[in-house]
Amino acid sequence: MGANIAVNSDNKETWGGGGVKPFGASYGKMMMWFFIVSDALTFSGFLAAYGLTRFKFIDSWPIADEVFTHFPGLHGVHAPMYYVALMTFILIVSSVTMVLAVDAGHKMQKKKVAWYMFATIIFGIIFVGSQAWEWKNFINGSYGAVKTADNHILQFVKDGHQIALADFVHSDRKDGRVQHQRENGLWFEKEATISQYSVAQIQEAFKADPSLLVRIEKINPDTKKKIILSREESIAKLATATRVVEGANLIENEYGNPIFADFFFFITGFHGFHVFSGIVINIIIFFNVVLGTYERRGSYEMVEKVGLYWHFVDLVWVFVFTFFYLV
Amino acid sequence: MAHAHESNTKRIWIVLAILTVLTTVEVALGIVRPDFLVFNDFLGTHLLNWIFIILTIAKAYYIAWAFMHLEGEKPWLRRAIVWTGVFLICYLVTLILIEGDYLHDTLAPLVKW
């Protein structure tokens with residue numbers, strides 16, 4: 001009988017699998033791998049859903065190079081991808097400092113572990129900050145667009161390059177529309193930020209400048225670029241505009257299909273949340289290292305386990321980077 | 001732990017160099033977008049996208065093997081992790097992307113531009 005009953009042996013390793021180590025991996029490490037595999041499948045589900053949606057709208061999906069064009073300090077300069085490449089590099093470097101911390105842990109070099117953990121945390125914070133900046137640019141938008149009655153986005157082009165509403169709309173808005181605030185309206189209601197320009201104002205400014213053209217969401221399969229309408233088509237199309245769209249939210253965005261922004265917010269946000277959790281866990285472990293917890297325990301395996309999580313976050317970013325910014 | 005823990009510092013820096021080079025190549029190709037890669041299709045997408053995907057998998061390999069230290073684990077632990085993930089992800093992605101293509105074929109003719 002005794003063989004079939006789990007006897008409390010008073011062995012302190014019971015919670016660690018009773019000293020049994022399948023595949024030579026400790027209980028904690030094995031569980032971290034379980035978590036990583038399942039989390040990898042979660043991310044795959046999201047990215048696969050993104051892929052499905054993208055294939056569904058393959059003839060009109062926004063072109064990443066035209067959406068992510070900012071670099072800190074370079075205003076108005078078209079710098080596609082440089083910033084996100086830098087972010088990727090920062091995250092890879094943080095992975096390196098993490099693995100160096102693990103390496104120092106194997107040699108029981110407490111000071112080195114602490115410094116490398118510290119560097120990892122700093123790089124992680126820089127990455128999350130960069131992502132916040134990226135979100136800020138995405139949410140504010142850089143050009144502005146109008147939405148037609150059938151929910152398509154129209155962008156404005158001059159000499160083959162997209163131009164911002166502010167570049168050609170100079171008159172006043174005509175409809176006398178002002179932002180509804182507590183001060184000028186119902187004291188118990190506020191409204192979402194209204195667009196800077198009115199549709200009529202844009203239509204008039206567009207007619208006044210013959211060099212302007214409208215670009216639609218549809219991609220020309222021969223050039224793989226968004227179709228730019230002729231002047232007559234542009235005016236006719238612009239007449240169907242119903243709303244001005246500046247920047248991006250979950251309902252509409254100036255880049256094109258609303259679900260593009262939804263996926264961007266959801267997937268990069270979910271990844272950013274992972275990075276944030278990673279930083280918090282790293283900070284906890286960092287203090288444990290500094291306090292000498294692992295020195296006394298005689299093993300820095302805990303650093304190795306959070307290291308696994310941190311590398312996983314980097315691994316996911318490599319895929320997010322490819323599928324959102326490159327492909 | 002079954003594997004020996006000699007210092008891997010040199011290997012770490014080499015892997016950093018590899019990952020940096022791969023990322024740089026990706027970004028450079030993404031900015032240049034050579035015509036012969038963009039306008040030649042293979043299995044549902046153009047060659048440039050295939051290059052991106054292959055380079056990404058190469059990066060994933062280095063991160064998992066060197067940084068996450070899969071190369072030092074027992075072979076069957078590594079296989080349990082990698083084969084499970086790779087099989088399920090390939091399966092999911094294949095079905096879902098075929099379905100996405102079908103949705104496009106069905107719905108795109110109904111969209112008026």
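Residue numbering restarts at 1 for every chain, and letters A, B, ... go by the order of the sequence lines.
The backbone N or O of A:K147 lies less than 3.5 Å from a partner atom in the side chain of A:T242, making a donor-acceptor pair. With hydrogens and angles disregarded, no donor-acceptor distance shorter than 3.5 Å links the side chain of A:H271 to the backbone of A:V320. The main-chain N or O of B:D41 is never found under 3.5 Å from a side-chain atom of B:T45 such that the two would form a donor-acceptor pair.
Contacts between B:I81 and chain A at a heavy-atom distance below 4.5 Å involve backbone atoms as well as side-chain atoms. Of the two parts of B:L92, only the side chain, counted from C-beta on, holds a non-hydrogen atom closer than 4.5 Å to a non-hydrogen atom of chain A. Of the two parts of B:W50, neither the backbone nor the side chain holds a non-hydrogen atom closer than 4.5 Å to a non-hydrogen atom of chain A. For B:R78, no part lies near chain A; criterion is any non-hydrogen pair under 4.5 Å. With a threshold of 4.5 angstrom between heavy atoms, B:L22 does not approach chain A through any atom at all. For a residue to count as touching a neighbouring chain, one of its non-hydrogen atoms must lie under 4.5 Å from one of that chain's; by this rule B:T56 touches chain A with backbone and side chain alike. If you measure heavy-atom distances from B:V38 to chain A, the contacts under 4.5 Å come from both the backbone and the side chain. For chain A, the nearby part of B:I63 is the side chain; its heavy atoms alone come within less than 4.5 Å.
Between A:F266 and A:F46, the ring-plane angle classifies as perpendicular under the 30° and 60° cut-offs. Note on ring orientation: taking the six-membered ring where Trp is involved, the planes of A:F312 and A:Y309 are tilted (angle from 30° to 60°). Using the six-membered ring where Trp is involved, A:Y83 and A:F71 have ring planes that are perpendicular, over 60° apart on the 30 and 60° scheme.
Tested against A:L100, the residues B:N8, B:L16, B:T9 include a single side-chain contact (heavy atoms from CB on, under 4.5 Å) partner, B:T9.
The choice from B:F52, B:W13, B:W113 that makes the most heavy-atom pairs within less than 4.5 Å of chain A is B:W113. Note: B:I96 leads B:T23, B:L48, B:I51, B:I96 in heavy-atom pairs under 4.5 Å with chain A. Contacts with chain A were tallied for B:L55, B:L97, B:D101, B:D35; B:L97 has the most, counting heavy-atom pairs under 4.5 Å. In terms of non-hydrogen atom pairs under 4.5 Å with chain B, the most contact-rich of A:M98, A:H152, A:R54 is A:H152.
In summary, the aromatic rings of A:F323 and A:Y50 are positioned with their centroids too far apart to meet the 6.0 Å limit.
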